[in-house]
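Here is the structure we will look at.
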Amino acid sequence: MKRVTTTQRIRQWLARPTVSFIARTVLYLLIMLLLVYLYSYRGISNSHFIYNEF
């Protein structure tokens with residue numbers, strides 16, 4: 001009898017289309033939120049545009 005390891009069970013679970021879709025959606029959402037946070041941290045009003053004073 002072949003024994004299934006925990007990593008094989010996790011890989012089989014992640015290979016399901018529904019789980020894969022949800023995991024990718026959450027991952028991409030986290031990346032987008034991180035990018036928005038980093039962009040807002042810099043501040044739009046604090047730009048170093050050369051013609052800002054004109």
Return the minimal non-hydrogen interatomic distance between R3 and Q8, and the atom names on each side. O-OE1, 4.1 Å
With a 3.5 Å distance limit and no angle check, can you tell me whether T25 reaches the backbone of F21 through a side-chain donor-acceptor pair? yes
Out of curiosity, R11 CZ to T5 OG1, how far, rounded to the nearest 0.5 Å? 8.5 Å
Following the transitive rule for hydrophobic clusters with a side-chain heavy-atom cut-off under 4.5 Å over Ile, Leu, Val, Met, Phe, Trp and Tyr, establish whether L14 and Y28 coincide in one cluster. no
Close side-chain approach of I31 and L27, heavy atoms under 4.5 Å: yes
